[in-house]
Amino acid sequence: MRLTQQQLETHLWGAANILRGKTAGQDYKNYILSLMFYKRLCDQWENEADEAIAEQERQQGRAFSDKQKAVFRKRGAHRFTIPDGSRWGDVLAVSTRLGETLTTAMKAVANANDELKGVFTVDWAQPAPDGSGKPLIPNEVVHALIQHFNAYDLSNASVPPDVLGHAYEYLIKQFADDAGAKAGEFFTPPEVVDTLVRILEPQPGDTVYDPTCGSGGMLVHSADFLREAGSHATSAQYFGQEMNWGNAAIGKINSVLHGLEAEIKAGVSTITDPAFKEGDGKVRQFSLVLANFPFSDEFWWLKPEQQTDDKKKKDKLKKEIFGKEGFKDAYGRFGRGTPFKAPPAGYGDYAFILHILASLNAQGRAGIVCPQGVLFRGQPEVEEETGEFDAKGNPKIKRRKADDEHLIRRALLESGLIDAVISLPLNVFYGAGVPACLVILRKSRPKARRKQVLLVYAARHFRELSNQNELRPQDVMRILVHVQAYGDPTKVSKLVEKHSKRIREQINAREHDEVERLEAEYAEAAARLTKLMAELAKNVAELPKVTAKAAKTKAKAALDKLRGQVDKAQAKVNERDDKIAEARRRAEDDRRDVEATGQELCALYDDPDELLKHTRVVGLDEVDENDFNLNIPRYVDTFEPEPRVEVKDAMKQLKSSERSLVAVEGALQKLLKAVGYDLTT
């Protein structure tokens, strides 16, 4: 049986519902994702073995015995090795101590495949914290999960790789929604990732790197872009580093399922221990870097194991790590010998930005998610009065040195490395309430643009959801058109045509997926309603045939009960239909808005004054006049005027308010008179 993507997604999320609340916090995502991957590996191993046997039988023109098949099963060409005793069937055959069996099997698979080292990080046999010796996850829960996953074959025969890859991404997104604020550690909203990828346009031959890769979304979206352009995913190479072992495991699985063959390193900080280095000890350079690093990390200069130390130990380490010159970087990314100051100890944003810059080759480009503070934090060098006077009565002046972040930003701008900055709406990231932006760096820029920077104010346009905001397809299109036009109105119409066509197809595909997903999610309720309706019709038809009074009373009671069951099932189906209608309405709104946005963008570039409210190409001389402060409202008119009110409407409102005031005063006088106060005397 071949599963659709939506059936698979519903099935996988059903497994999450079995385990939710039975592990520590949000860790349950790691259990579900690793179990799904283990089942996939085992099923695909069996599928490869079956295909190898079938091919041998075809070539030899005869059927093999069970003994011969057992030999060929091991001998067949397998993508991954699954050792004897560690296959799905071996786990399925066990009824007790399932957690231990599953953990042992997963470890054996990881040890047998270098590419899978670090993928299985969870311990299914982990003891409960109460010291009872019982497992944290009860045996019956593990058994229920295994039975749940056993319902479907996850090999290529039933689930093509692209379907499984998309379902895995859906599952990660569901876990992110469930995790709330903590999701920012492993998940960047796909709309933001898609925006960055389409700005930077991965090409065959690129080396793509994410220094804080989380669940690997940046790498996967880069591969998707290449596939969309007609290239193979492996026409580029993929690299990532992630400090959290659990998140790195999710990223590795994501990479394998999407066929990227990514090299992902885990367990250490990108800043203190960059995993990708050249022979001379400098960081390795790549052609494309994408990143969403931890915002304003206070202890970016400490190794992970040191970040748990108390304040006294941290202060001592700070004195050792930071000299007079600032952070002593062993990898030549900032500080002495480079054009850049070392970042301040309290904010790690520029540490990551400078690491990314050092990781770019001569033609490299980067897209980085940053807090907007990187655009304006840090004061320039200033002279100020001390409040004292010299012997001649003149005020004494002292010179205050420029802050490190100001100096870094100035150096980046003067070096012509910042190509564009895009401000984003508030609250589009999980757990990050601070305003965010996208910073685009390019080592090699057209000569005319080296003394310019494009600023885009994209904070106005978004869809408001219950817990956070979301970039809509038309909002992504706005950003892409502004960035790719780079102030040139002659490019806009073609860009609008290109993106609106693609985005309409994307909206149609999302609508189809969402409807199919809802159909799959409510399939059981729909089938139950059909069955109950048939049973109800049969019972109604047979009721007149019942003549005995007692039997008729009993039949009517059964009929009433059945009608109640039908009503409940119908309510579930109505719920599905309402959600489907909402999905279709939202898609239709988006299609209409994409069309309107395209027209708006074309008109915008014909009206320079109106365009200034959205984007500007700013010269470095103007940035210099603003002390290298890149806060976008300094350059783009972000002021939202009050809605215009007609005088006649204002007069109507005034008269209405006066009438209301008279009525309230009259009611108050009546109340006061009723309790003995007469204000007329």
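Predicted model only: the values in this text are computed from it and were never measured.
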Note: Trp124 and Val142 closest approach over all heavy atoms is CE3-CG2, 4.2 Å
Side chains of Asn156 and Arg40: closer than 4.5 Å at any heavy-atom pair?
yes
Return the orientation label for the Tyr38 and Phe120 ring planes: parallel under 30°, perpendicular over 60°, tilted otherwise.
perpendicular
From Leu92 CG over to Asn150 CG, what is the distance, rounded to the nearest 0.5 angstrom?
4.5 Å
Which residue pairs satisfy the side chain to side chain donor-acceptor pair (under 3.5 Å) criterion with at least one member in residues 523-540, sequence neighbours excluded?
none
Quick one: does Lys252's side chain have a donor or acceptor within less than 3.5 Å of a partner on Lys117's backbone?
yes
Give every residue pair that meets the ring-ring contact (aromatic ring centres under 6.0 Å, His included) criterion with at least one member in residues 97-117, sequence neighbours excluded.
none
Is any side-chain heavy atom of Met106 closer than 4.5 Å to a side-chain heavy atom of Leu35?
yes
More than 12 foreign heavy atoms under 6.0 Å from CD of Glu464: is that the case here?
no
Between Gln241 and Ala275 (side chain of the first, backbone of the second, donor and acceptor by atom type, cut-off under 3.5 Å), is there such a pair?
yes
Just so I know, are the side chains of Phe175 and Leu33 near enough to count as touching, which here means a heavy-atom distance under 4.5 Å?
yes
Is there a side-chain contact between Ile146 and Trp88, using heavy atoms and a 4.5 Å cut-off?
yes
Contact check, side chains of Phe276 and Thr207, non-hydrogen atoms, under 4.5 Å
no
Determine whether more than 12 heavy atoms belonging to other residues, nucleotides or ligands lie under 6.0 Å from atom NZ of Lys552.
yes
Which label fits Phe429 and Phe295: parallel for a plane angle under 30°, tilted from 30 to 60°, or perpendicular past 60°?
perpendicular
For Ala236 and Leu226, which heavy atoms make the closest approach, and how far apart are they?
CB-CD1, 3.6 Å
Has His232 got a side-chain atom pairing as donor or acceptor with Thr234's backbone, closer than 3.5 angstrom?
yes
Donor-acceptor pair, side chain of Arg472 and main chain of Asp590, under 3.5 angstrom
no
Quick check: do Val268 and Thr272 have side-chain heavy atoms less than 4.5 Å from each other?
no
Closest heavy-atom pair, Ser231 versus Pro204, reported as atoms and distance to 0.1 Å, is OG-CG, 3.3 Å
Should the heavy atoms of other residues, nucleotides or ligands under 6.0 Å from CZ of Arg97 be counted, would the total exceed 12?
no
Donor-acceptor under 3.5 Å (Ser222 side chain, Pro202 main chain):
no
Walk me through it: do Gln126 and Ile137 pass the test side-chain contact (heavy atoms from CB on, under 4.5 Å)?
CA-CA 8 Å; Gln126 179 184 349; Ile137 305 175; over 6 Å; no
Does some side-chain heavy atom of Val94 sit less than 4.5 Å from a side-chain heavy atom of Leu102?
no
Side chain to side chain donor-acceptor pair (under 3.5 Å) with Glu514: which of Arg586, Gln6, Lys579?
Arg586
Give a yes or no on whether the backbone of Leu471 and the side-chain of Arg463 come within a donor-acceptor separation of less than 3.5 Å.
no
Identify the heavy atoms of Ala291 and Asp210 that sit nearest to each other, and give their distance.
CA-OD1, 3.8 Å
Return the CD to CD distance between Glu575 and Gln570, rounded to the nearest 0.5 Å.
12.0 Å
The test is side-chain contact (heavy atoms from CB on, under 4.5 Å); show your working for Thr188 and Leu196 and say whether it passes.
CA-CA 11 Å; Thr188 302; Leu196 280 177; over 6 Å; no
Quick one: does Tyr522's side chain have a donor or acceptor within less than 3.5 Å of a partner on Asn574's backbone?
no
Gap between atom CD of Glu242 and atom CD1 of Ile264 - 0.5 Å precision
9.0 Å
What verdict does the salt bridge (Lys or Arg N to Asp or Glu O under 4.0 Å) test give for Arg87 and Asp90, after you've listed the backbone C-alpha separation in whole Å, the side-chain angles of each residue and the deciding distance to 0.1 Å?
CA-CA 5 Å; Arg87 295 178 194 133; Asp90 300 316; 5.6 Å; no
Worked verdict on Arg198 versus Arg502 for side-chain contact (heavy atoms from CB on, under 4.5 Å):
CA-CA 12 Å; Arg198 292 185 184 281; Arg502 174 186 61 79; 3.2 Å; yes
Looking only at heavy atoms, what is the nearest atom pair of Ala249 and Gly118, with distance?
CB-O, 3.5 Å
So, does Asp206 use its side chain to make a donor-acceptor pair with the main chain of Val208 at under 3.5 Å?
no
How long is the straight-line distance from CG of Asp43 back to CG of Leu154, given to the nearest 0.5 Å?
5.0 Å
For salt bridge (Lys or Arg N to Asp or Glu O under 4.0 Å), just list the numbers for Arg563 and Asp567, CA-CA rounded to whole Å, side-chain angles, deciding distance to a tenth of an Å, and then say yes or no.
CA-CA 6 Å; Arg563 286 193 178 104; Asp567 289 343; over 6 Å; no
Within the distance-only criterion (no hydrogens, no angle test), does the side chain of Asp153 pair as donor or acceptor with the backbone N or O of Ser155 below 3.5 angstrom?
yes
Using a 3.5 Å distance criterion without hydrogens, assess whether the side chain of Tyr168 forms a donor-acceptor pair with backbone atoms of His258.
no
Rounded to the nearest 0.5 Å, what separation is found between the NZ atom of Lys265 and the OG1 atom of Thr270?
12.5 Å
Rounded to the nearest 0.5 Å, what separates atom NE2 in His148 from atom CG in Leu19?
11.5 Å
Please determine whether the number of non-hydrogen atoms from other residues, nucleotides or ligands lying under 6.0 Å from atom NZ of Lys556 exceeds 12.
no
Salt bridge check, Glu9 against Lys173: does any charged N sit closer than 4.0 Å to a carboxylate O?
no
Would you say that Tyr170 contacts Arg517 through its side chain, given a criterion of any heavy-atom pair below 4.5 Å between the two side chains?
yes
Checking Gln506 against Asp194 for the side-chain contact (heavy atoms from CB on, under 4.5 Å) test, could you report, in this order, the C-alpha distance in whole Å, the side-chain angles of both residues, the deciding distance, and whether it holds?
CA-CA 12 Å; Gln506 184 184 69; Asp194 186 57; 4.3 Å; yes
Are Phe80 and Trp45 near enough that their ring centres are under 6.0 Å apart?
no
Looking only at heavy atoms, the pair that brings Phe239 and Leu219 closest together is O-CD2, 3.7 Å
